[in-house]
Amino acid sequence: MTLTVTEHPSKFANLEYVYPVFARRSGGLSLGINLNLNKACNWRCIYCQVPGLKRGAPERVDLIKLESELKYMLNIIINTDYLQQNLPQGFGRFDDIALAGDGEPTLSKDFFAVVNIIAKLKQQFNITNSVKTILISNGSEVNHVEVQNGLQALAQQNGLVWFKIDGTNVAETSQINQVQVSGENIKHRLELTAKLCPTVIQTCMFKINNRDPSEEQVQNYINLLKETKDNFQSVLLYTIARVPQLPEGKNLTPVSLKFLQNIAQELHKFDIVVKCFV
Ligand code: SF4
């Protein structure tokens with residue numbers, strides 16, 4: 001089977017926590033780790049692609065099982081021709097291990113323990129620096145000490161936080177993420193995150209009822225990134241590639257690559273590095 005960008009199986013080879021995916025944003029294999037088996041998240045983004053998403057927090061992780069699954073997959077990826085057999089031609093690269101599941105990973109009480117398991121296995125397989133560890137996060141839990149410890153441990157293993165910013169004020173986050181987050185709160189959490197681990201901004205833009213985000217919304221976004229640019233390395237701008245799973249997402253469609261590139265062009269004026277994906 002060749003993994004494609006649209007395949008994002010939460011279950012692979014009867015594994016519960018670990019799943020391989022060809023990630024369009026990295027152009028290589030990403031080994032996902034899902035800490036939210038119960039599909040619980042504290043946010044409810046209208047474009048969310050988790051089927052059956054519910055509000056809440058994940059259950060405790062079976063750390064022994066997770067470690068054995070991760071070891072099993074790392075062994076296959078590193079010691080067999082798995083990459084050549086399963087990735088599209090020309091993309092046979094193991095890019096990252098990604099904490100990215102069916103909900104916000106840092107809600108897990110086991111987040112720090114899991115980061116340490118990843119560090120241990122990366123060391124065993126001698127991939128600490130060659131393979132990134134990415135945390136895909138809405139950044140909501142960074143005030144907690146355990147999460148901060150996890151981010152510090154992440155930084156020591158070629159780690160990166162992909163910090164979600166889809167809206168820049170209470171009105172926008174209420175509409176897009178269905179939580180009320182102010183611009184000040186975003187800035188505060190971003191600064192805290194960046195102090196602990198290298199950070200990249202990830203932003204999903206899309207049409208609602210066939211209308212692009214408004215000029216005001218785009219300008220708010222550019223202003224926020226301009227103000228906070230010392231706290232992140234680069235920006236990943238993307239649109240929806242798969243059908244949103246929530247009923248709230250039924251009126252969403254992708255924006256064009258040109259739309260994203262125009263925003264990237266504005267951000268380049270402030271020396272902000274941007275990658276666009278459709
Ligand atoms: S933070 Fe992620 S998992 Fe949670 S609702 Fe938003 S897109 Fe879905």
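Numbering of ligands and ligand atoms starts at 1, following listing order. Here the structure is a predicted model, which means the values were calculated and not measured. Heavy atoms only: backbone and side chains are in, while hydrogens, waters and symmetry mates are out.
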Checklist entry - Nearest protein heavy-atom contact for atom 8 (Fe) of ligand 1: which residue, which atom, what distance? => result Cys48 SG, 2.4 Å
Checklist entry - Which residue owns the protein heavy atom closest to atom 3 (S) of ligand 1, what's the atom, and how far is it? => result Gly103 CA, 3.6 Å
Item to check | From Glu104, Lys164, Gln245 - option closest to atom 2 (Fe) of ligand 1 by heavy atom | outcome: Lys164
Item to check | Electrostatic pair Lys132-Asp96, nearest N-O below 4.0 angstrom | outcome: no
Checklist outcome for this item: One finds that the ligand 1 atoms under 4.0 Å from a non-hydrogen atom of Cys41 are 1 (S), 3 (S), 4 (Fe), 5 (S)
Checklist entry - So, are Glu69 and Lys65 salt-bridged, with charged N and O less than 4.0 Å apart? => result yes
Item to check | Asn209 versus Asn251, side-chain donor and acceptor atoms under 3.5 Å | outcome: yes
Checklist outcome for this item: Quick look: Cys45 vs ligand 1, heavy-atom contacts under 4.0 Å, and the answer is both
Checklist entry - Which atoms from ligand 1 have a heavy atom of Asn138 less than 4.0 Å away? => result 1 (S)
Checklist entry - Does Gln49 come within less than 4.0 angstrom of ligand 1, counting non-hydrogen atoms of the residue? => result no
Next on the checklist: Taking Val274 as the starting point, is it possible to reach Tyr238 by hopping between hydrophobic residues whose side chains are less than 4.5 Å apart?
Outcome noted: no
Next on the checklist: Test of understanding: given a 4.0 Å heavy-atom threshold, classify the contact between Arg44 and ligand 1 as side chain, backbone, both, or neither.
Outcome noted: backbone
Checklist entry - Are Val235 and Leu160 connected in a single hydrophobic cluster, I mean Ile/Leu/Val/Met/Phe/Trp/Tyr linked by side-chain heavy atoms less than 4.5 Å apart? => result no
Item to check | NZ/NE/NH1/NH2 to OD/OE distance under 4.0 Å, Glu191 and Lys187 | outcome: no
